[in-house]
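All figures in this text were calculated on a predicted structure; none of them were measured in a lab. As the structure lists them, so they are numbered: ligands from 1, and atoms in each ligand from 1.
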Amino acid sequence: MIELERVTHAYPDGTAGVCEVGFGLAAGERVVLLGSNGCGKSTLLKLMAGLLLPSSGQVRFRGDPVTAARLRKRDWCRRFRGEVGLVFQHPETMLFNPTVLEEIAYGPSRLGMEDPTRQAREWAERVGLAQYLEKPPYRLSGGEKQRLCLACVLACEPTVLLLDEPTASLDPRATGWLVDFLLDRKELTTLVSTQNLSLAAELGERALILGEDGRLMFDGGLRDALADTELLWRANLAHRHEHRHADGTEHRHVHVHRNWE
Ligand SMILES: Nc1ncnc2c1ncn2[C@@H]1O[C@H](COP(=O)(O)OP(=O)(O)OP(=O)(O)O)[C@@H](O)[C@H]1O
Ligand SMILES: [Mg+2]
């Protein structure tokens with residue numbers, strides 16, 4: 001569905017976003033993106049959604065290179081935007097309509113889908129926002145905004161779903177709903193970034209880990225990655241923990257924080 005070939009992105013101020021990243025997502029694959037703060041997860045997802053363009057290298061969607069020229073072609077761009085949905089890490093950056101209903105209906109309406117308003121009502125119901133249809137999005141709580149962003153993207157019925165730390169402010173019930181939803185949609189291709197290592201195992205079978213230099217340092221089985229404390233340590237996803245015992249002895253070891261611990 002999507003392929004990246006030696007994709008590098010540097011921001012205008014010279015900050016390196018990602019460096020020479022290459023991998024492909026096959027249809028129906030469920031992949032989890034891991035990496036420490038600032039390593040380039042959000043940059044990578046924006047490159048895949050065509051919101052940023054590589055400084056060098058290439059992103060291909062169904063074989064077509066995603067270029068500025070292609071994004072200007074109305075039909076191609078509409079198909080690409082309809083098929084590839086990105087839910088931003090910070091909900092505020094994607095909400096701008098006066099009401100929740102209009103916010104969800106916006107995407108389906110732009111894509112020329114039938115009855116965007118009905119579509120919006122259904123998705124508001126699914127994400128638990130049916131009672132807020134007339135409310136301005138900026139007056140929602142953080143978790144409600146995150147659910148609204150999910151509804152906005154899901155209402156467009158993408159085939160590739162890119163989620164940037166989607167559960168960061170969701171409560172356990174909403175998190176469970178999202179995990180179940182993603183499990184039920186076997187046909188969806190998903191790439192989900194998360195800092196939550198305990199949840200990661202529920203979100204996919206394959207892991208991509210970005211190192212602090214913005215390079216891909218692991219592409220393989222998620223369970224193997226989660227079991228490899230040394231790898232997680234190198235990726236800055238584990239930390240050294242100091243224990244002091246009652247008898248006065250101390251020891252240090254690498255520790256991975258999972259929610260159940
Ligand atoms: N608009 C921008 N202009 C300049 N530098 C940026 C911009 N956005 C991000 N960066 C830089 O690019 C690098 C990667 O940022 P990115 O947001 O992709 O990281 P991340 O892995 O998503 O981090 P986090 O876990 O904190 O969400 C960082 O060094 C960041 O400071
Ligand atoms: Mg990020």
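Gly40 and Val18 get closest at one heavy-atom pair: O-CG1, 3.4 Å.
Here the CD-CG distance, from Glu165 to Leu33, works out to 9.0 Å after rounding to the nearest 0.5 Å. Between Leu140 atom CG and Leu148 atom CG the span is 6.0 Å, to the nearest 0.5 Å. Expressed to the nearest 0.5 Å, how far CD1 of Ile209 lies from CG of Asp228 amounts to 8.0 Å. Note: Lys145 NZ to Glu92 CD = 4.0 Å, rounded to the nearest 0.5 Å. Taken to the nearest 0.5 Å, the CZ atom of Arg206 stands 15.0 Å off from the CG atom of Leu203.
Contact atoms of ligand 1 toward Gln195: 25 (O) (distance under 4.0 Å to a heavy atom of the residue). Each of the following atoms of ligand 1 lies closer than 4.0 Å to a heavy atom of Ser36: 21 (O). Annotation for ligand 1: atoms under 4.0 Å from non-hydrogen atoms of Glu165 are 25 (O), 27 (O). When each atom of ligand 1 is checked for a heavy atom of Ala16 under 4.0 Å away, the hits are 12 (O), 13 (C). Using a 4.0 Å cut-off to heavy atoms of Gln89, the atoms of ligand 1 that qualify are 27 (O).
Heavy atoms from both the backbone and the side chain of Thr43 come within less than 4.0 Å of ligand 1. Within the 4.0 Å heavy-atom criterion, neither part of Pro12 lies near ligand 1. Looking at Thr15 against ligand 1, only its side chain comes within 4.0 Å, counting heavy atoms.
Closest protein heavy atom to atom 26 (O) of ligand 1: Asn37 ND2, 3.2 Å. With hydrogens left out, the protein atom closest to atom 10 (N) of ligand 1 is Tyr11 CE1, 3.4 Å, a heavy atom. Distance from atom 25 (O) of ligand 1 to its nearest protein heavy atom, with residue and atom name: Lys41 NZ, 2.7 Å. Of the protein's non-hydrogen atoms, the one nearest atom 17 (O) of ligand 1 is Ser42 CB, 3.7 Å.
Contact between Cys39 and ligand 1 is present, with at least one heavy atom of the residue lying under 4.0 Å from the ligand. Note on ligand 1: Ser193 sits outside its first shell, no heavy atom being nearer than 4.0 Å.
Under 2.8 Å from the Mg ion (ligand 2) lies no N/O/S atom of Thr43, from backbone or side chain alike. Metal site remark for the Mg ion (ligand 2): Asn37 contributes no N, O or S atom at a distance under 2.8 Å.
Taking the six-membered ring where the residue is Trp, Tyr11 and His9 present perpendicular rings, their angle passing 60° and hence far from 30°.
Inspection of the Thr194 and Asn196 side chains reveals no N or O donor paired with an N or O acceptor under 3.5 Å.
Taking each of Gly214, Gly38, Gly40 in turn, the one with a heavy atom nearest to atom 23 (O) of ligand 1 proves to be Gly38.
Salt bridge Arg121/Glu125: absent, no basic N to carboxylate O contact under 4.0 Å.
With hydrogens and angles ignored, the 3.5 Å screen pairs no side-chain donor or acceptor of Thr190 with any backbone N or O of Arg30. Proximity of a side-chain donor or acceptor of Gln119 to a complementary backbone N or O of Ala155 within less than 3.5 Å is detected.
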